[in-house]
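Below is one structure, written out as structure tokens; the observations come after it.
Values below: every heavy atom of this structure, side chains too, minus hydrogens, waters and symmetry copies. Just so it is clear: chains get the letters A, B, ... in the order the sequence lines come, proteins before strands, and each one is counted from 1.
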Amino acid sequence: EDQVTQSPEALRLQEGESSSLNCSYTVSGLRGLFWYRQDPGKGPEFLFTLYSAGEEKEKERLKATLTKKESFLHITAPKPEDSATYLCAVQASTGFQKLVFGTGTRLLVSP
Amino acid sequence: AAGVIQSPRHLIKEKRETATLKCYPIPRHDTVYWYQQGPGQDPQFLISFYEKMQSDKGSIPDRFSAQQFSDYHSELNMSSLELGDSALYFCASSLGRGVEAFFGQGTRLTVV
């Protein structure tokens, strides 16, 4: 069964304090790994898609990387507006549609 | 840019009632997904449609049904509602399969 585990569950940072979020996965053939940001009571907002090990993508203060077993979301010099829950999801090559989500990392950035 | 539109945004129903949630995908997107997110939980896949045909099925109760119409909008029909059905219901759409999906703002269903 496809599984996604995210750590830590919650992370508190000071503004400007860089850190990384982890997403470990087991999947029967990876089609894609997705990162989403979710604010309370709102829908997940798409951030990145990674398809193969070694791939990296960047957007503003965020950088996502992928290995064969895990993905990292690096946050450089975060700001309070980066506070949100970050969700990782995988899409298997066999199921090819549904996303299997992790439980997310709740990030709080204090000024 | 146009996003996924869901209606209603909030819905309160009593036990054993029925509810219909609507989803209007991003223009030209041909694939629609439905997810259920309980409080403090990750989104759980319910069902998806590609080109108006059901394409994948997850943990959707038999009391629920869904379809995608000719204009690509989708409806999730929920009957015999239970207290445990209270959750955020998200619709997402994508252009084709196996690519990133974009989510709507969700419908918050409360069953009392």
Side-chain angles (χ1 to χ4, degrees), chain A residues 1-10 21 23-25 27-52 55 57 59 62 64 66 71 84-106, chain B residues 1 3-7 9-10 21 23-26 29-51 53-60 66 68 87-110:
Chain A
E1 186 177 329
D2 303 333
Q3 268 194 318
V4 178
T5 303
Q6 291 188 246
S7 63
E9 287 187 12
L21 313 183
C23 170
S24 299
Y25 64 91
V27 64
S28 52
L30 180 70
R31 175 175 291 272
L33 184 141
F34 302 81
W35 282 99
Y36 286 87
R37 168 194 170 130
Q38 187 174 28
D39 293 299
K42 296 192 175 181
E45 175 188 343
F46 171 75
L47 294 174
F48 303 108
T49 309
L50 301 167
Y51 292 105
S52 57
E55 191 175 358
K57 287 193 177 173
K59 179 181 178 180
L62 300 176
L66 180 66
S71 176
T85 295
Y86 290 85
L87 295 167
C88 171
V90 296
Q91 189 175 59
S93 56
T94 49
F96 78 81
Q97 284 216 8
K98 69 177 184 182
L99 295 174
V100 176
F101 282 88
T103 50
T105 294
R106 294 189 311 279
Chain B
V4 177
I5 306 297
Q6 291 188 245
S7 67
R9 291 295 310 279
H10 303 273
L21 279 54
C23 169
Y24 297 86
I26 292 172
H29 280 196
D30 50 17
T31 306
V32 167
Y33 316 78
W34 286 95
Y35 287 83
Q36 177 192 58
Q37 187 174 30
Q41 298 181 355
D42 54 291
Q44 294 292 315
F45 173 73
L46 294 177
I47 195 167
S48 62
F49 294 87
Y50 169 68
E51 283 291 346
M53 299 283 290
Q54 181 184 309
S55 54
D56 205 354
K57 196 171 181 181
S59 50
I60 184 169
Q68 186 178 31
L88 272 168
Y89 289 84
F90 291 108
C91 171
S93 74
S94 66
L95 180 60
R97 297 170 287 182
V99 295
E100 55 266 23
F102 296 88
F103 284 76
Q105 290 303 296
T107 293
R108 181 177 294 281
L109 172 66
T110 303

Minimal non-hydrogen separation, B:D42 against A:G102, with atom names: CB-O, 2.9 Å
Under 4.5 Å from a heavy atom of chain B, the part of A:T49 involved: side chain
Option that, when pairs with chain B are counted at under 4.5 Å, heavy atom only, ranks first among A:V100, A:V4, A:L99: A:L99
Segment of A:Y36 engaging chain B (4.5 angstrom heavy-atom cut-off): side chain
Which atoms of B:Q37 approach chain A - backbone, side chain, both or neither, heavy atom under 4.5 Å: side chain
Per-residue contact mode, A:Q38 against chain B (heavy atom under 4.5 angstrom): side chain
Pair B:Y33, B:S94: side-chain N/O donor-acceptor within cut-off below 3.5 Å: yes
Exercise: do A:S24 and A:T5 side chains pair donor with acceptor under 3.5 Å: no
Donor + acceptor pair across side chains of B:Q44, B:S59 (<3.5 Å): no
B:Q41 versus chain A, the contacting section by heavy-atom distance below 4.5 Å: neither
Contacting region of B:A92 [heavy-atom separation from chain A under 4.5 Å]: neither
B:F90-B:Y35 aromatic ring centre distance below 6.0 Å: no
A:E45 side-chain N/O to A:D39 backbone N/O, donor-acceptor pair under 3.5 Å: no
